[in-house]
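Everything numeric in this text was worked out from a predicted model, so none of it was measured. We're numbering straight along the sequence, starting at 1.
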Amino acid sequence: MSKIKKLFGLPFLKFHHNLIKLALILMVLHPLSFALDIQSLQVFLPVFYPPVTFLELAGRPAFYLFIIAIITAVYRKKIPKDWKKIHLFNYLAFFLVSIHALLIGTDFSSTGMQILSVAMMIIVAGVFIDKHLKK
């Protein structure tokens, strides 16, 4: 956390909140651009079956998991005991988005991007294990 302050000149939480605001804007713009292109809001509806389609469109449920986690964080003072448990949805959402990107993301067709994505998933899994499963 101190490295973030040195690198960006902001306390970690301020940097984190700014990053989340940008991510939220991009998360809304991505499906919205598809919705406008096909003139349908169905891109916001999760598809759970068949499993391959669920994984290809895993960005849809991830979108809602991120929204739930963000809302929970905003109102964390009203639910002080449980907000961090709900905030853990971000890990699941990250994996869903990564799988979605790897399966149908046009920017992820290159080997370099695929390696980067898998490396990020491994790092995030390691962080989750280190922070939440190690005792």
Side-chain angles (χ1 to χ4, degrees):
M1 289 187 199
S2 62
K3 289 179 185 179
I4 297 238
K5 185 167 182 156
K6 284 181 187 177
L7 209 62
F8 296 101
L10 293 170
F12 173 77
L13 212 49
K14 182 76 171 167
F15 173 78
H16 181 67
H17 290 165
N18 288 339
L19 199 58
I20 296 306
K21 289 173 189 173
L22 175 62
L24 183 58
I25 290 167
L26 295 173
M27 278 192 301
V28 171
L29 287 177
H30 177 67
L32 189 58
S33 67
F34 284 101
L36 292 172
D37 187 43
I38 65 170
Q39 298 181 352
S40 172
L41 294 177
Q42 88 179 44
V43 298
F44 289 96
L45 299 175
V47 175
F48 296 101
Y49 191 82
V52 171
T53 303
F54 168 75
L55 292 173
E56 288 174 343
L57 304 177
R60 294 176 183 189
F63 176 79
Y64 294 104
L65 290 173
F66 279 131
I67 297 297
I68 290 167
I70 290 168
I71 290 169
T72 302
V74 168
Y75 293 103
R76 68 187 174 273
K77 290 181 181 173
K78 295 186 191 256
I79 49 170
K81 289 183 181 178
D82 296 322
W83 82 270
K84 283 189 178 183
K85 292 176 188 168
I86 297 168
H87 208 63
L88 292 174
F89 283 148
N90 286 317
Y91 289 98
L92 175 59
F94 177 81
F95 285 101
L96 290 172
V97 165
S98 298
I99 292 166
H100 163 69
L102 286 168
L103 292 177
I104 65 172
T106 55
D107 294 334
F108 286 76
S109 60
S110 74
T111 304
M113 285 301 292
Q114 292 170 357
I115 291 169
L116 179 62
S117 183
V118 170
M120 287 173 56
M121 287 194 299
I122 291 167
I123 290 167
V124 169
V127 168
F128 178 81
I129 290 166
D130 187 57
K131 286 181 75 174
H132 302 288
L133 299 181
K134 276 183 155 181
K135 300 277 179 179

### Query
Tell me, do Leu24 and Ile67 make a side-chain contact under 4.5 Å, heavy atoms counted?
yes

### Message
Per the ring-ring contact (aromatic ring centres under 6.0 Å, His included) rule, what does the pair list look like for residues 102-128, sequence neighbours excluded?
### Response
Tyr91-Phe128, Phe128-His132

### Query
If you count the non-hydrogen atoms of other residues, nucleotides and ligands that lie under 6.0 Å from CG in Leu36, is the total more than 12?
yes

### Query
Which pairs, with at least one residue in residues 69-84 and sequence neighbours excluded, count as a salt bridge (charged side-chain N to carboxylate O under 4.0 Å, His left out)?
Asp82-Lys85

### Task
Please list, chain by chain and in numerical order, all residues satisfying ring pair (Phe, Tyr, Trp, His ring centres under 6.0 Å) with Phe44, sequence neighbours excluded.
Phe63

### Query
Sequence neighbours excluded, which residues qualify as salt bridge (charged side-chain N to carboxylate O under 4.0 Å, His left out) partners of Asp107?
none

### Task
Find the distance between CG (Leu116) and OG (Ser110) and round it off to the nearest 0.5 Å.
9.0 Å

### Task
Enter the distance from Leu55:CG to His100:NE2 here, rounded to the nearest 0.5 Å.
11.5 Å

### Cluster overlap Leu92 with Leu133, hydrophobic side-chain contacts below 4.5 Å
no

### Message
Run the side-chain contact (heavy atoms from CB on, under 4.5 Å) test against Phe94 and tell me which residues pass, sequence neighbours left out.
### Response
Ser98, Met120, Met121, Val124

### Task
Any chance you could pull the hydrophobic cluster mates of Val52, using side-chain heavy atoms under 4.5 angstrom and chaining through other members?
none

### Message
Testing the basics here: between Met27 and Ile70, what is the closest heavy-atom pair and its distance to 0.1 Å?
### Response
CE-CD1, 4.1 Å

### Message
Is there a side-chain contact between Thr72 and Phe89 in this structure, where contact means two heavy atoms from C-beta onward sitting under 4.5 Å apart?
### Response
no

### Query
Are Val118 and Val97 in one and the same hydrophobic cluster, where Ile, Leu, Val, Met, Phe, Trp and Tyr link if side-chain heavy atoms are under 4.5 Å apart?
no

### Query
Is there a chain of hydrophobic side chains (I, L, V, M, F, W, Y, each step under 4.5 Å between heavy atoms) that links Val127 to Leu96?
no

### Query
Would you say the side chain of Phe66 lies within less than 4.5 Å of the side chain of Asn90, judging by non-hydrogen atoms?
yes

## Note on the structure
Contacts of Val43 meeting side-chain contact (heavy atoms from CB on, under 4.5 Å) (sequence neighbours excluded), chain-then-number -> Pro31, Phe34, Ala35, Ile38, Arg60

### Query
With Asp37, which residues qualify under salt bridge (charged side-chain N to carboxylate O under 4.0 Å, His left out), at least two apart?
none

### Query
Should Tyr64 and Val47 be counted in the same cluster of Ile, Leu, Val, Met, Phe, Trp and Tyr side chains packed under 4.5 Å apart?
no

### Summary
For Leu22, the other hydrophobic cluster members (4.5 Å side-chain criterion, sorted by chain and number) are Leu26

### Separation between OH of Tyr75 and CD1 of Ile86, rounded to the nearest 0.5 Å
14.0 Å

### Task
Any chance you could measure Ser109, atom OG, to Ile104, atom CD1, to the nearest 0.5 Å?
13.0 Å

### Task
Give a yes or no on whether Leu10 and Leu13 share a hydrophobic cluster (residues Ile, Leu, Val, Met, Phe, Trp, Tyr; joining criterion: side-chain heavy atoms under 4.5 Å apart).
no

### Task
Could you list the residues that satisfy side-chain contact (heavy atoms from CB on, under 4.5 Å) with Tyr49, not counting sequence neighbours?
Pro51

### Summary
Residues at least two apart in sequence or cross-chain that pass side-chain contact (heavy atoms from CB on, under 4.5 Å) with Pro11, listed by chain then number, are Lys14

#### Entry: Over all atoms of both residues, closest heavy-atom pair of His87 and His16
NE2-NE2, 4.5 Å

### Message
Test question: given the 4.5 Å side-chain rule for I, L, V, M, F, W and Y, name all other residues clustered with Leu29, or answer none.
### Response
Ile25

## Note on the structure
Separation between CD1 (Ile99) and CZ (Phe54), nearest 0.5 Å, reads 8.0 Å

